[in-house]
Structures are given as structure tokens and as C-alpha cells.
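For reference, the structure is listed below as C-alpha cells.
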2 protein chains.
Amino acid sequence: METFTVTVAEMPGKVYGQYREGEIMTTIKDIARISGYSIGTVSRVINNRADVSEEAREKISEIIRERGYQPNSNARKLKQVISSEVSIIVRGNKNVFFESILEEIQIIMRGYDENINVHFISETENEVATAVRTVSYIKPKGIIFLGGYIDNFRDEFSQINLPCVLVTTGAKDLGFENLSSFTTDYYDAGKYAVNKLLSYGHTRIGILGGYSADRSREHKNGKIIGAVEALDEKGITFDFDRDYEPCSYSAESGYEAAARLLGRSPDLTAVFAISDSIALGAIRALKDIGRRVPEDVSVIGFDGLTYAKYSIPRLATIRQDTATLAKKCVDDLLLRITYGGPAVHELIPYYEFIEGESVAPVRQ
Amino acid sequence: METFTVTVAEMPGKVYGQYREGEIMTTIKDIARISGYSIGTVSRVINNRADVSEEAREKISEIIRERGYQPNSNARKLKQVISSEVSIIVRGNKNVFFESILEEIQIIMRGYDENINVHFISETENEVATAVRTVSYIKPKGIIFLGGYIDNFRDEFSQINLPCVLVTTGAKDLGFENLSSFTTDYYDAGKYAVNKLLSYGHTRIGILGGYSADRSREHKNGKIIGAVEALDEKGITFDFDRDYEPCSYSAESGYEAAARLLGRSPDLTAVFAISDSIALGAIRALKDIGRRVPEDVSVIGFDGLTYAKYSIPRLATIRQDTATLAKKCVDDLLLRITYGGPAVHELIPYYEFIEGESVAPVRQ
DNA sequence: ACCGTTACCGTAAACGTTTCCATAGAATAA
DNA sequence: TTATTCTATGGAAACGTTTACGGTAACGGT
């Protein structure tokens, strides 16, 4: 089960040098010697402990400052057994939504004086296993995983007994008591998106996105289930074979998928793309095959990232609240790191429609 | 998979806990005890040293495997004094070009089995100081700095005596013998961009970008100097007050700057934006103020990142060779880490024009 | 029988911290 | 006064490794 492939990069082997020539390493010992105090006292000053006289604190701090001393983080972490960091695993290569969340997390963590430690991995299962192994090697205090469905990684995640937060649906079902999850209510939001299109009179609606070839109602992607449900409620049966085209979360992929979809189903008057990148690629594809947006085909995106505001036409989209998502993740993780407590699974009900020029009433 | 440590601020402070409850930490000692060999031998097995019998190697490896033992990286790094990582500092919040280089670096490093360690900082001077401090705290083997001009950070960089690579111009002038630099020949490329516009008959050309309020010929931004030079050679004197508008590297900023520029100089028939993001924002702004691209105003961007291919209109731009840049950076750094040697400063002559729909001949 | 190799392995010091424990002295309580 | 607590500090062990050093056993050559 667990193979001994220590993360290649961190494997012994090339060690380029011990001390660099001419490098003078100031240690806590030096500070102690210079200040006349003991190592213990210096350490207490560094860590802002109480049991230090004002005089000693002043003097030692002064010396630390003027020598530009920085405690050796490795020695520290060694003593503290687990590192002082939170690890974040980002799965998916160019997923703008995750990047956006990541950015929010960075900002929040900065406020909390927390260190984060990010691992970018691609979507192969193999890499998830490696990432989990690496993380167990780093020994972080907790983990945030941005990366979609983890059903296939039960084993990997079961090995981790650290507080862990996922930004994905379906984590609850796994039943690990150390995994929390926060996600926008994709089912509702997807339904909402398609209802928007329906309200403009569209009935021939296509869907773009969601890797999976699984086209049943049990499709794992909440946005798509919601979208189909919205159609259902209007008495429209969604034809997966005809009006659905899977693609990954990129403009490139959206471009190609849209071309295929509209080639196959030229009578579609609207498209729901499950990410903004996909939508933008789709819009370009539509133009290239001679369909006007929104006159001939309406396009609605998902995510609501800033760059959609500057496209031509401006993209209509469903905005997720990345700030709230990030905040929830961080808060839950830190709380559970410090105080333990049960994992939670929360569906964030917040999302909103962003007006755009890419959606218009259906033509008669 | 590459490990990627984003350090927000690795200063002492909150330490959340020692051992996590119920966590059993397997150490080299355990492996030694179980296997019946000594710690030293186990370590030699882990490190693939020669002086170990095949029998011992087998047996110990087996035990390591079945216990899922991972050597503690902190203890290791402590012994090895300097970490096994290369630090990358990325300055600038949403700079797509740097992100692109970063991605290339990741790929190359993966091939080299190297660990990287990324610090994102914003553009304030303060953060540069912090980053440098943090980096000296991490003790990497070398540093790659993606972040524009560093003239204001002489002091910070003078403290670092590690191999260091910058992707910026002007590093040579600083005279630090541990700083290499690689950059596209911005002067030439800027000149080339404007020559393209000139070749389409444009003479009233505006320039967008380059934070600085410094509008002299000594302007630090090579692209702009080159652009102005190209005009000069045609006998056109560039009027900085009228036809130049500074902005940062984002669509938002480009949008606003373009609106200001065209508001002030409505007779411009072409705009050179020093990044694609800026260009895209500008195109949107132009549309909003009722100017058609390219019929009324041509726009040429810079960088040549993929997403320009999917905009409407497709963006004409000057592509930099990020792959080569990244390769040069990494190679130089690793070489100097291993063998020392002098720093180099290289201007990459490679750039190319990417056709697009945003540039057209000037209207009569 | 002796010596010199060689192959393998154990011991222990060291890396730079943190923290527990002990203690000296000061302050307080009796 | 003495006994007690408190404050500030030093000393030293420990964290999990790596590695220099030394030792043992086996073996071949003389």
C-alpha cells in the first residue's frame, strides 16, 4: 500500500554543499554569547515567553536586530515535531477558480500569521497519492485540498489523520471524521443559471463541462444535475448525448467543446458553461463558426471571476463567493487544529447572477 | 509533483501544538530497532550509500516500506544546514507573465528533481524586505526573483550571498556578483511592436503601461524606450504628456488607463500596450467609449500568453519566449549552485509577432 | 602465523532549537 | 526573624537525522 518512494525531490542524493563558502551562520548560541545570557533565555525572548526580565528582553532583542539573526526554521520544526505550516494541495493545472481561492486563502493566512505551503498537482490519481505522501512527510498542522472529487482517493485520505478541509462536494459521504468540506451549493446555482436562460425564453439549452463521461442523473457535478433539474421542472428532458459536451476547465477546452456541441446541435439557442474559462473559449468558438453571441446563442458562465468583466461581450455568469469560501476553510481548519472538534460539511448558499452581454432573450 | 512553499511570514509566533493526539511517529530509531540494525546502517540504506550489504539493504527497505516510514525532513535539513530547495520570489499580484514563467520553471525543475519554494509578495517595498528576510531564514540553495526593477532594493539584495537570478533588466548595473539576469530584449521588442504599427500606416500611436511617472528618455522600461525610439527613427516625436498613460499589469488597470488616454488623445489610431492583460482591458474600454478595434484604433499587446488567442478580437501581440527564459534561469542557477562561477546577464533576442484581429491598417 | 585489505556495521557527536528542571535571589507572608 | 512563594535565569536533555570514525570479521597473501 505505502511504497517507499520518498518524494523524489526531497530524496537524498544531490546535496550541493554544507556550508556555503564565506557564509557566517549566526545561531542562538552566538546571540547568547554576545548578550551574556544563556541560550534558554534567548529562546524565551525569541518566542515571546513571559519569564524574561524587561532588561534581558531589550538587550537580547537589540542584539538579534543588529546581527540580523533569524532562528533556524529546521531546528525549530524539528523540536516542534510538526511543522508550523498548513499545506494546500491544488489539483488541476490551470483552474482559475482554484487559483482565485488560493489567493484569498493567502490573504487570510497572512492576517493570521500562518504559513502555507502549496503543492500543485495535475489530475492524475498517481499524483494525488504522491501529494498525500509528500504532505505526510512535511508534517503540516492541517491540509486544504482544492481539487474536485476525491472518491477515488479514499485510501490516500484515510491515511491522513490531520485536520483537513476540502472544497468539493461529496466529502461528507466518505465519512472521514477529520475531513471538513465547504462548497457553493452547486446544485442550486446550476439550477439558477439555467432558470435564468429559461426566463429569457430559451428552451434549447446545451451544457459544457464536467470531464466525466457519466451522463446519468447521478452525474457527480452538482451544477449539471441542477441544470438538468431546472429543465426537468419545465418539462424539458435534457438529452445528454446531444446537448452535453464534456471538457476541462480551460478556454482551450471550452473552445473545442463548444465547436463540437454546436456542430452537433446547431439549433441550440443557449449554452451553460460550468466555468468562465470554458464560456470564454465557447464564445470565441461560436464567433468562429459564425454564430453571434448573444443574438444567435446566449452563453452563461460560472465562477464570476474578474476577467469576465473585460471580455467582449461581457460575460453573464454566476458568481461564487470565493472570499467566503476561503474564509470558511481557513477558519474551520485553524479551529480544528487548535481545539479539535468535529469536521463540518457546509453548502454555501451564496451565489449571484452577474449581468452580462452574453445573454439575451431568445429570438423568435 | 513539485513542492511549493508559499510563505506568508515565517516568523516566530503562534505554535499550535507538539504531538498530535494519537499520532505515532515512526523514526529511524524504530526502523533500526525492528530491523535489528543500527541507526547508522538504516540511514545509509535511506541515503543509498555504498557500505551496506545487500541483505541489510533488502531487509531494512522492506521494513521501511511496510511501516510507511518517511524520514523527517526537518531533522535532515537541520543536519544539512542548508535546505535542498530553490526559492522563488514572485512580486506583483496578478501578473500573468510571471505566473507563466513560474509554470515553466516548475516544469523544468520537475525534470531536474529539484524542489522549489515560492513566495508571493505584493509590490510594496516593505514586502520585499520581508521576503528577503524570510528567504534567508529558509536558507535555500538559490533564489529566482520574478519582480521587475530592483533598484530600490539594493540593500535587501546586498544581504543575500546566494546564487540569485532575476528576470528583469538593469540588474547588471547593480554590480552584485551573485546576481544573474535574463530578460527578453525589451528595447528591441518594443521597437519591433511599434514598427509593426508603423508598417500599417499608423503615426498617431499611444503607449499604455509602466507604473513609473518618469517620462524621460531614461525611462526604465525597455519596451517603452524602444517604442519611442522606433517613432523617433520615423521622425515622430513621442509626447509623453499626451500619448502615454501609466498603468499596472492588469486588465482593470488597462481599462482605466485606456479610457483616460483616448479621452485625452482622441486622435490616436493605435495603442501599444506593454502587456496582454492591459491590452485586453484597453480593447474593452475602447469598445465602451465607442471606438472600434481595429477599425478605429489598432491595439497591440505584449507577452503572447495563450488566453489572448480566445479574445474577441483576437489580440495581436509580441510573444516572449517564456520557456527559454525559464530554462536559462534554472540552468544558470543550478550551475552556479553546484559549481559557482560568475553571474551572467543575458538579453534574450527571441520574440515574435503573433498575428491578431486587433491590428489593421490605418484608415484614411 | 602474521599482516593488510576489504566489506560491513555500530557508536557517538553534531546540527540549532525548545523546554523541563533546578536554583539563586528577591519579595512576601508568617 | 524564618519560611514560603515568585521571578529570572542557567543547564541540559531531547527532537530525528547524517556522518566521521573506529571496530570486527573474513579472507588472501606472504
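Hydrogens, waters and symmetry mates play no part in the numbers below; they use all other heavy atoms, side chains included. Letters A, B, ... are given to chains in the order of the sequence lines, protein chains preceding strands, and every chain is numbered from 1.
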Does a side-chain heavy-atom distance below 4.5 Å link [X] with [Y]?
| X | Y | value |
| --- | --- | --- |
| B:Asp30 | B:Tyr69 | no |
| B:Asn72 | B:Thr27 | no |
| B:Ile105 | B:Ile88 | yes |

Sugar-phosphate only, base, or nothing, as touched by B:Ser43 at under 4.0 Å among non-hydrogen atoms: base

Touch class at under 4.0 angstrom, heavy-atom based, for B:Ala56 against every strand present: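 The answer is sugar-phosphate, as B:Ala56 gets under 4.0 Å only of primed atoms, P, OP1 or OP2.
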
Is [X] close enough to [N] that one of its side-chain N or O atoms is under 4.0 Å from OP1 or OP2 there?
| X | N | result |
| --- | --- | --- |
| B:Asn72 | D:dC15 | no |
| B:Thr41 | C:dG10 | yes |
| A:Tyr69 | C:dG16 | no |
| A:Thr27 | C:dC15 | no |
| A:Arg76 | C:dT18 | yes |
| A:Tyr37 | D:dG10 | no |
| B:Ser38 | C:dG10 | yes |

Bend angle of the helix from C:dA1-D:dT30 to C:dA30-D:dT1, end axes from five pairs each (to 10°): 60°

Could you list all N or O pairs between the protein and nucleotides 20-26 of chain D that sit under 3.5 Å apart?
none

I'd like to know if the side chain of [X] and the backbone of [Y] have a donor-acceptor N/O pair within less than 3.5 Å.
| X | Y | result |
| --- | --- | --- |
| A:Arg49 | A:Arg44 | no |
| A:Ser61 | A:Arg57 | yes |
| B:Asn178 | B:Leu162 | yes |

Please report the distance, rounded to the nearest Å, between [atom1] in [X] and [atom2] in [N].
| X | N | atom1 | atom2 | answer |
| --- | --- | --- | --- | --- |
| B:Glu54 | C:dA7 | CD | P | 14 Å |
| A:Ile39 | D:dA8 | CD1 | C1' | 17 Å |
| A:Arg33 | D:dT9 | CZ | P | 19 Å |
| A:Asn47 | C:dT18 | CG | P | 4 Å |
| A:Leu78 | C:dT18 | CG | P | 11 Å |
| A:Lys29 | C:dA14 | NZ | C1' | 8 Å |
| B:Ile28 | D:dC15 | CD1 | C1' | 13 Å |
| A:Lys59 | D:dA8 | NZ | P | 17 Å |

For A:Ser180, the option from A:Arg336, A:His345, A:Glu346 that meets side chain to side chain donor-acceptor pair (under 3.5 Å): A:Arg336

Trace of the salt bridge (Lys or Arg N to Asp or Glu O under 4.0 Å) decision for B:Lys59 with B:Glu62: CA-CA 5 Å; B:Lys59 186 165 177 194; B:Glu62 174 59 21; over 6 Å; no

A:Arg49 side chain, from C-beta outward: closest of C:dT19, D:dT17, C:dG16: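 Shortest atom-to-atom distance from the side chain points to C:dT19.
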
Over all atoms of both residues, closest heavy-atom pair of B:Ala326 and B:Glu104: CB-CB, 3.4 Å

Which residue lies more 5' along DNA chain C, comparing A:Val42 with B:Arg57 via nearest heavy atoms: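 Whichever sits nearer the 5' end wins; that is B:Arg57.
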
B:Phe182 side, atom CZ; B:Ile144 side, atom CD1 - distance, nearest 0.5 Å: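 Going from CZ on B:Phe182 over to CD1 on B:Ile144, the span is 9.5 Å.
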
